[in-house]
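For this chain, numbers begin at 1 and follow the sequence in order.
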Amino acid sequence: GPVGLVGKPLRPGEGYDGEVVWYDALAVDPFVAKCSKPVATASEGQCLRTVYLAPGIAAVYSFPETALVGWRTFDAVMGKRLRAIGAL
């Protein structure tokens, strides 16, 4: 997996077969993303990240699994976009 992240495969048979939760074990808020294998017609897996913006407000965004290598810059890049629409 990406340098600096720990991947924890979710248990198959509970509806999470092929999904992995990625986290930064050294962070105060360790969750980075949850990724799933590509669906039959997709060429790559997809990941979801949830970010809490303010009390009562959160953003969930999806990105290709190949972008997970840039996990350290997610919040800075998305922060600019969220500020542009007034969400931060």
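R49 places a side-chain N or O within 3.5 Å of a backbone atom of V32 that can act as its donor or acceptor partner. Between the side chain of W71 and the backbone N or O of V3, at least one donor-acceptor pair lies under 3.5 Å.
With rounding to the nearest 0.5 Å, the separation of CD in Q46 from OG in S62 is 4.0 Å. Separation of atoms CZ (F31) and CG (D29) is listed at 9.0 Å; rounding is to 0.5 Å. In this structure, OG1 on T50 lies 9.5 Å from NZ on K34, to the nearest 0.5 angstrom. Note: L10 CG to D17 CG = 10.0 Å, rounded to the nearest 0.5 Å. The OG atom of S36 sits 7.0 Å away from atom CG of L48, with the distance rounded to the nearest 0.5 Å. We find the CZ-CZ distance between F74 and F63 to be 3.5 Å, quoted to the nearest 0.5 Å.
A continuous path of Ile, Leu, Val, Met, Phe, Trp and Tyr side chains, each step under 4.5 Å between heavy atoms, connects L5 with Y61, placing both in one hydrophobic cluster. Under the 4.5 Å side-chain contact rule for hydrophobic residues, V77 and L68 do not share a cluster. Under the 4.5 Å side-chain heavy-atom criterion for Ile, Leu, Val, Met, Phe, Trp and Tyr, M78 and V51 are members of the same hydrophobic cluster.
Within 6.0 Å of the OH atom in Y16, the count of heavy atoms belonging to other residues, nucleotides or ligands does not exceed 12.
One side chain, E44 or T66, offers a donor N or O that lies under 3.5 Å from an acceptor on the other.
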